[in-house]
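So the structure is just underneath, and the comments pick up after that.
Here is the naming used below: chain letters follow the sequence lines, and residue numbers restart at 1 for every chain.
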There are 2 protein chains.
Amino acid sequence: MPKYRDELDAVLRALADPTRRAVVERLAKSPAVVSELAAPFSMALPSLMQHLRVLENAGLITSQKHGRVRTMSLRPGALDVLHLWLGEQRTPAAHQADRLGIHMTCTTPKET
Amino acid sequence: MPKYRDELDAVLRALADPTRRAVVERLAKSPAVVSELAAPFSMALPSLMQHLRVLENAGLITSQKHGRVRTMSLRPGALDVLHLWLGEQRTPAAHQADRLGIHMTCTTPKET
DNA sequence: GCGATACTTAGGCACATACCTAATTATTCT
DNA sequence: AGAATAATTAGGTATGTGCCTAAGTATCGC
């Protein structure tokens with residue numbers, strides 16, 4: 001039952017690329033067709049398509065084809081798995097801080 | 001000033017690997033020394049060290065060396081950048097749902 | 001000092017990933 | 001039908017990533 005972990009892994013891998021993140025950000029505003037998505041990038045179409053496939057396989061986006069046009073949309077709730085994981089990683093200190101309504105900041109120690 | 005984006009990129013890249021995520025999860029409980037961290041993995045020490053370096057460069061963890069022992073800790077607030085980005089990607093629909101206190105779920109459409 | 005311990009550095013190999021161009025398929029427009 | 005448009009498939013390259021072994025370096029404990 002490591003479905004959650006696999007899903008998380010796919011999502012994080014997908015989001016680790018700036019191009020794919022940009023696509024997600026674009027789609028967060030509204031759905032768009034492939035060529036619209038490709039326009040902002042100085043990248044050949046097939047390259048971008050590959051990114052879209054990765055995003056789709058990760059379950060982050062969905063697509064529907066009408067005629068020769070494919071419309072991609074962000075899947076609402078697709079990022080929930082990340083949200084969830086993130087919640088689990090809060091340190092005890094952070095939890096404490098949360099309860100107290102303190103925002104924690106960190107100083108960068110000199111490297112060793 | 002794309003410092004935020006660079007930071008986000010580094011963090012997501014770092015978290016895209018299961019080994020590194022496992023390290024983060026471990027460190028979320030408490031700090032640990034390198035050999036403790038390495039123990040659960042069937043991986044040569046130098047390989048794990050490389051992961052630790054990636055995590056440290058991404059600003060997710062810090063380390064301090066006392067004598068010959070290096071103690072690693074999760075940097076509280078290191079994941080904030082991710083949290084922040086995540087917040088920005090909520091679809092209008094998700095926002096709507098949030099306001100209404102509805103939890104959105106998705107059905108997986110048949111692939112096209 | 002000397003061996004054991006805890007990392008570190010150096011260098012190398014295999015496979016994954018991000019691109020590309022060229023050629024194809026499927027629709028739509030005229 | 002034929003040209004234009006929107007994607008897709010196929011296949012190739014180059015760089016990045018994750019892992020390894022072997023050989024340091026720096027403490028620590030006797």
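- Grouping Ile, Leu, Val, Met, Phe, Trp and Tyr by side-chain contacts under 4.5 Å, direct or through others, puts A/V69 with A/V33.
- Residues A/R68 and A/V54 each lie close to DNA chain C; by heavy-atom proximity, the contact nearer the 5' end of the strand is made by A/V54.
- Remark: B/E56 pairs with B/S63 by the side-chain hydrogen bond (donor to acceptor under 3.5 Å, both in side chains) rule, at least two apart or across chains.
- Judged as a side-chain contact (heavy atoms from CB on, under 4.5 Å), and not counting sequence neighbours, the contacts of A/R53 are A/M49, A/Q50, A/N57.
- Hydrophobic clustering (ILVMFWY, side-chain heavy atoms < 4.5 Å, transitive): B/L12 and A/V54 are in distinct clusters.
- The shortest side-chain heavy-atom distance between B/L37 and B/R26 falls under the 4.5 Å cut-off.
- Residue pairs meeting the salt bridge (charged side-chain N to carboxylate O under 4.0 Å, His left out) criterion with at least one partner in residues 10-23 of chain B, sequence neighbours excluded, are A/D9-B/R21, B/D9-B/R13.
- Within residues 43-52 of chain A, the residues approached by DNA chain C to less than 4.0 Å at the level of any non-hydrogen atom are A/M43, A/A44, A/P46, A/S47, A/Q50, A/H51, in residue-number order.
- Between B/R68 atom CZ and B/S35 atom OG the span is 10.0 Å, to the nearest 0.5 Å.
- In this structure, B/T71 reaches neither bases nor backbone, as no heavy-atom distance under 4.0 Å exists between it and the strands shown.
- For DNA chain C, the outermost nucleotides in 5' to 3' order that have an atom under 4.0 Å from a heavy atom of chain B are C/dA4 to C/dT9.
- Here ring pair (Phe, Tyr, Trp, His ring centres under 6.0 Å) pairs that include residues 22-66 of chain A, with residues two or more places apart or in two chains, number zero.
- Taking a 4.0 Å limit (strictly below) on heavy-atom distances, residues 8-19 of chain B does not reach DNA chain C anywhere.
- Annotation: side-chain hydrogen bond (donor to acceptor under 3.5 Å, both in side chains) contacts of B/E25 (sequence neighbours excluded): A/R5, A/W85.
- When the side-chain contact (heavy atoms from CB on, under 4.5 Å) test is applied to A/A38, the partners found at least two apart in sequence or on another chain are A/L45, A/L48.
- Side-chain contact between A/M43 and A/T19 is present, with heavy atoms from C-beta onward closer than 4.5 Å.
- The nucleotide range of DNA chain D contacted by chain A, defined by atoms under 4.0 angstrom from heavy atoms of the protein and reported 5' to 3', is D/dA4 to D/dT9.
- Residues A/L15 and A/L60 form a side-chain contact, since some pair of their non-hydrogen atoms from C-beta on lies under 4.5 Å apart.
- Looking only at side-chain heavy atoms (C-beta outward), A/I61 and A/R75 stay at 4.5 Å or farther from each other.
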